[in-house]
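Since the structure is predicted, the reported quantities are computational estimates derived from the model, not experimental observations.
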Amino acid sequence: MNLAQQLLTALKAYGIKEIFGIPGDFALPLFKVIEETQTLPLYTLSHEPAVGFAADAAARFHTRPSVAAVTYGAGALNMVNPIAAAYAEKSPVIVISGGPGQADKSTGLLVHHQAKQLHSQVQVYKEVTCDQVVLDDTAQAPAQIARALKNCIIESRPVYIEVPRDQVFEPCDPVPVLPLTSDCDTDALDACTDEIIEALGQAASPVLMVGVEIRRYGLEQEVALLSRKLGIPVVTTFMGKGLLAGQPVDLRGTYMGVAGEQSLTQLVERSDGLFLLGVLLSDTNFGISEKKIDLRKTVLACDGSVSLGFHVYPSIPLQELVRALNDKLPERPQLEAARFEHPRGLALTDEPITPTDIATAVNDMFHRYGALPIASDMGDCLFTAMDMEYTELVAPGYYATMGYGVPSGLGVQAATGRRPLILVGDGAFQMTGMELLNCRRYGWNPIVLVFNNSSWEMLRAFQPESEFNDLDRLDFAALADALGGLGQAVNTKRELHAALDRACADETCFQLIDISLARGLMSNTLSRFVAGFKQMRDG
Ligand code: S1T
Ligand code: MG
C-alpha cells in the first residue's frame, strides 16, 4: 500500500469517522486516494474556515478526532483560526495538508501558495497544534503518523500532518496502533487522590465544578458517579453547560459569576473546597467572578496535571484521576436527577420578539417534537442558549470566534446523522452562513435560527457610541431559498411559533428562520454579563 492508503487506514484504525476538506493542486493526489478508496467519507465545503469548524464539532461529538484536509498555503493558512479555536477548547482535530514535493523545492523559484519560506506553514501550525509531522520520508512515516494520532487523542488537541504531493503514491509500511494510555506515576496518583479526598473531607462547603475536559475524554458517567460518591453539589462552567444534564447528581446549574444566579455564584465563590475537574481557567469561565476564586483552597485537575493550593502533581491524566478516586470512595445512595426551570409557554401574540422569546419558543418546540443538538455561533445567540433546555451543545464558549455556528451544525449532522438546531447572529451568518449551500448535496437539513438585529449587538453593548455596529438589515429568508433551503421571516411571537412548527414538519431541506430583533435588545444572560463586566471594570 502507498502512503496515503496507510494514512487513511490508520485514521480509521484510531477511530476517526470522517474527513472534511477542500482540495488544491498540492492535495489533489491525496484527495484522489481519499475518494477512490472510500476508506472514510469525504465532505467538501466551500471555504476552509468551515472545514475546520465542522471537523471541530464532529470531534466534540465523537469524543474522538475528526479530520480537516486542505491544500498547502491558501487552504491551510485560511484555516488557522478554527484550529486555534480547537486548540483553545481542546477539540482533537487532525489537520492534513498537502505540501510541496522535492521537485517544487529544487526549482529555485518561489512556489505558489508559499508565504515567507516553504516551511512557514508548519511553523504557523506549531502555535495551534500539539504535534506536527511532515511525511517527506516514507520510512519514517508510519511512526510519525502513529505518534501524531496518539498525541491528538491523549491531549485532545489538534495535530498537523503535512503530506508532500510527491510522497502520496510511494510504498509505505502499515502505521502501528499505539496504546492510547499516557504515563501516570501510580504512587503520585495514590498520594494525589488521598490528598484530594482529605481536603474535600475537611472543607465545610466543598463544591465540584466540571468543565469541557469531562466531555472531551468521554468521562460524564464516571464523573456523575464520582460526584455522588463525594456527596457534594456540582456546577458546570459556562463552557461546560449541559454536562451531567439528566444524570442523577446534585447538579445546581452553570456558574457564570455576576451574570449567574446569585445563590449559585455564592455557593461557588464562598466554597472552602472548590474541586475544578476538567475546567479551563479562562476568562469566560471566571472572568466575571464576583469574588476571585481562592486558588489556595482549590483543587484544579486539567491538562493532565493536578494542583492543590500551591503544589502540583504533574502527569495525572484526568481519566486515571477519576477512576482512582471512584475506586477509593465508598458508594452513596442514589440521587434524583436535578430539574431546572427554563422559560416555557411563549405567548402567541403579535408583539415583537426578544432573545428570551427565542429560548422560550425553542423550549416549547423541544417539548413538542423532542430536543435537537444545538450548534451555536458567538454572539447573543450563545447567551440566549443558556436559557434553553439542556441538550448537547457545541459552541466557541471560550475562544469566542464568530463563524462557528453554521459549519459546526453541518459537522454535527455529518458526524451523528441527527438534525441540528443552529443559532447564529446576522453578523456571524455573513461570515460562514453561505456554507448552507452544501446541505442539498449531502442531504443535511438543519434548522437555522438567525438572530437578525442588523447589528454587532455584543459590541454595541460595550461601546454603544460606535456607529460601525449598525449593519444592513438583510433578507436572510430570501437568501435561504437561493441556497437550496426554505426561508421564513418572522416579526412576532406568533409568527415565530408557527415558523418553528413548519420547520420541524419539513425535513426535506434546511430550514432558515430569519428572526427580526430590535437593536439594543439583549438576552437575560448577556445583560447580566455586560452589567457584571462594567461593574468590575468601573469598580
Ligand atoms: N471576528 C470574529 C471571527 N470573531 C469575533 N468574536 C469578533 C470578530 C469580535 C466580535 C464579538 S461579538 C461580535 C464581534 C464582531 C458581533 C457579533 O454580531 P452578530 O453575529 O450579529 O451577533 P450579535 O448581534 O448577537 O452580537 C466578540 C465579543 O469577540
Ligand atoms: Mg447581530
Side-chain angles (χ1 to χ4, degrees), residues 13-17 58-66 86-94 130-131 146-159 177-197 199-200 208-230 232 234 236-237 239-240 242-245 247-249 251 274-281 285 298-308 312-331 392:
Y14 278 81
I16 282 83
K17 303 288 186 199
R60 293 187 196 204
F61 261 79
H62 288 316
T63 63
R64 257 293 186 264
S66 187
Y87 187 90
E89 303 209 4
K90 301 212 68 175
S91 181
V93 175
I94 300 166
C130 70
D131 197 358
R147 188 193 83 199
L149 298 186
K150 175 175 179 176
N151 285 337
C152 183
I153 293 167
I154 294 291
E155 296 200 33
S156 188
R157 299 260 197 201
V159 293
V177 179
L178 302 177
L180 298 175
T181 51
S182 37
D183 302 335
C184 177
D185 178 325
T186 48
D187 293 339
L189 179 64
D190 194 38
C192 178
T193 47
D194 282 348
E195 194 171 346
I196 290 172
I197 292 169
L200 296 179
L208 174 63
M209 183 184 291
V210 294
V212 287
E213 280 197 339
I214 304 304
R215 182 171 287 136
R216 299 288 183 272
Y217 292 110
L219 291 173
E220 284 193 64
Q221 297 295 338
E222 294 84 346
V223 169
L225 173 62
L226 174 60
S227 78
R228 282 199 303 278
K229 286 190 166 190
L230 287 171
I232 61 178
V234 194
T236 78
T237 59
M239 287 176 66
L243 275 171
L244 304 184
Q247 298 272 356
V249 297
L251 182 63
L274 191 54
F275 183 12
L276 305 178
L277 196 58
V279 170
L280 300 183
L281 278 182
N285 281 338
T298 300
V299 180
L300 171 63
C302 178
D303 248 349
S305 70
V306 177
S307 61
L308 290 100
V312 177
Y313 289 88
S315 313
I316 304 280
L318 200 65
Q319 307 89 315
E320 299 301 326
L321 178 70
V322 173
R323 181 191 50 73
L325 285 169
N326 275 334
D327 289 349
K328 281 188 177 175
L329 289 163
E331 282 297 338
E392 297 97 329

Asks: For the residue pair Pro330 and Lys229, what are the closest heavy atoms and their distance?
Replies: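 Here Pro330 and Lys229 meet closest at O-CG, 3.5 Å.
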Asks: Side chains of Val299 and Leu274: closer than 4.5 Å at any heavy-atom pair?
Replies: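 Not touching, per the 4.5 Å side-chain cut-off.
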Asks: With a 4.5 Å cut-off on side-chain heavy atoms, are Val306 and Leu300 touching?
Replies: no
Asks: Mind checking the CG-OG1 spacing from Leu280 to Thr237? Nearest 0.5 Å is all I need.
Replies: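 Nearest 0.5 Å value for the CG-OG1 distance: 7.5 Å.
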Asks: Does Val234 reach the side chain of Leu243, with side-chain heavy atoms less than 4.5 Å apart?
Replies: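 The answer is no, as the side chains (C-beta and beyond) never meet within the 4.5 Å cut-off.
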Asks: Inspect the surroundings of CG in Asp183 and state if more than 12 heavy atoms from other residues, nucleotides or ligands are less than 6.0 Å away.
Replies: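 No, because the 6.0 Å sphere around CG of Asp183 holds 12 heavy atoms or fewer from other groups.
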Asks: What is the minimum heavy-atom distance between Ser305 and Pro314, and which atoms define it?
Replies: CB-CA, 4.0 Å
Asks: Would you say Leu189 and Asp185 make side-chain contact, with heavy atoms under 4.5 Å?
Replies: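 Sidechains of Asp185 and Leu189: no contact.
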Asks: Please report the C-alpha distance between Leu219 and Glu222 in whole Å, then the side-chain angles of each, then the deciding distance to 0.1 Å, and finally whether the side-chain contact (heavy atoms from CB on, under 4.5 Å) criterion is met.
Replies: CA-CA 5 Å; Leu219 291 173; Glu222 294 84 346; 4.2 Å; yes
Asks: Nearest 0.5 Å, please: how far is CE in Met239 from CZ in Arg215?
Replies: 10.0 Å
Asks: What distance do Ile196 atom CD1 and Leu329 atom CG have between them, rounded to the nearest 0.5 Å?
Replies: 10.0 Å
Asks: State whether the side chain of Glu155 and the backbone N or O of Cys130 hold a donor-acceptor pair below 3.5 Å, judged by distance alone.
Replies: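 Judged by distance alone, no pair lies under 3.5 Å.
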Asks: Working to the nearest 0.5 angstrom, can you tell me the gap between Lys150 NZ and Asp131 CG?
Replies: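 Nearest 0.5 Å value for the NZ-CG distance: 11.5 Å.
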Asks: Tell me, with the steps shown, if Ile197 and Lys328 meet side-chain contact (heavy atoms from CB on, under 4.5 Å).
Replies: CA-CA 9 Å; Ile197 292 169; Lys328 281 188 177 175; 3.9 Å; yes
Asks: With a 3.5 Å cut-off and no angle check, do the side chains of Lys90 and Ser156 form a donor-acceptor pair?
Replies: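 The answer is no; no qualifying pair exists.
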Asks: With rounding to the nearest 0.5 angstrom, report the CG to CD1 distance, Leu244 to Ile214.
Replies: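 It comes to 7.5 Å.
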Asks: Check whether any side-chain N or O of Arg64 sits under 3.5 Å from a backbone N or O of Tyr14 as a donor-acceptor pair, and report yes or no.
Replies: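 Side chain of Arg64 to backbone of Tyr14: a pair is present.
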Asks: For a quick test of reading the model, state the closest non-hydrogen atom pair linking Leu276 to Leu281 and the distance between them.
Replies: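 Heavy-atom minimum between the residues: CD1-CD2, 3.8 Å.
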Asks: Taking NZ in Lys17 as the centre, count heavy atoms belonging to other residues, nucleotides or ligands within less than 6.0 Å. Is the count above 12?
Replies: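 No - once you tally the heavy atoms of other residues, nucleotides and ligands closer than 6.0 Å, there are 12 at most.
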Asks: Would you confirm whether Arg216, through its side chain, and Arg157, through its main-chain N or O, come within 3.5 Å as a donor-acceptor pair?
Replies: no
Asks: Just so I know, are the side chains of Val249 and Val223 near enough to count as touching, which here means a heavy-atom distance under 4.5 Å?
Replies: no
Asks: Looking at every heavy atom in both Ser182 and Ile154, which two are closest together, and how far apart are they?
Replies: CB-CG2, 3.7 Å
Asks: Quick one: does Asp303's side chain get under 4.5 Å of Glu213's, heavy atoms only?
Replies: yes
Asks: Assess the residue pair Leu277 and Leu208 against the criterion (side-chain contact (heavy atoms from CB on, under 4.5 Å)); give the C-alpha distance rounded to whole Å, side-chain angles, the decisive distance to 0.1 Å, and a yes or no.
Replies: CA-CA 7 Å; Leu277 196 58; Leu208 174 63; 3.9 Å; yes
Asks: Minimum heavy-atom separation for Pro65 to Ile16, with atom names?
Replies: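 Between these two residues, the closest heavy atoms are O-CG1, 3.4 Å.
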Asks: Do Phe61 and Glu392 come close enough that some side-chain heavy atom pair is under 4.5 Å?
Replies: yes
Asks: Do Glu331 and Leu225 have side-chain heavy atoms sitting under 4.5 Å apart?
Replies: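 Side-chain contact under 4.5 Å: yes.
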Asks: Got a second to check how far Thr193's OG1 is from Asn326's CG, nearest 0.5 Å?
Replies: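 One finds 11.0 Å between OG1 of Thr193 and CG of Asn326.
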Asks: What heavy-atom pair brings Leu308 and Tyr313 nearest, and what distance separates the two atoms?
Replies: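 Closest approach of Leu308 to Tyr313, heavy atoms only: CD1-CE1, 3.5 Å.
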Asks: Spell out, as yes or no, whether a donor-acceptor pair under 3.5 Å connects the side chain of Gln247 to the backbone of Ala224.
Replies: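 No, Gln247 side chain to Ala224 backbone: no donor-acceptor pair under 3.5 Å.
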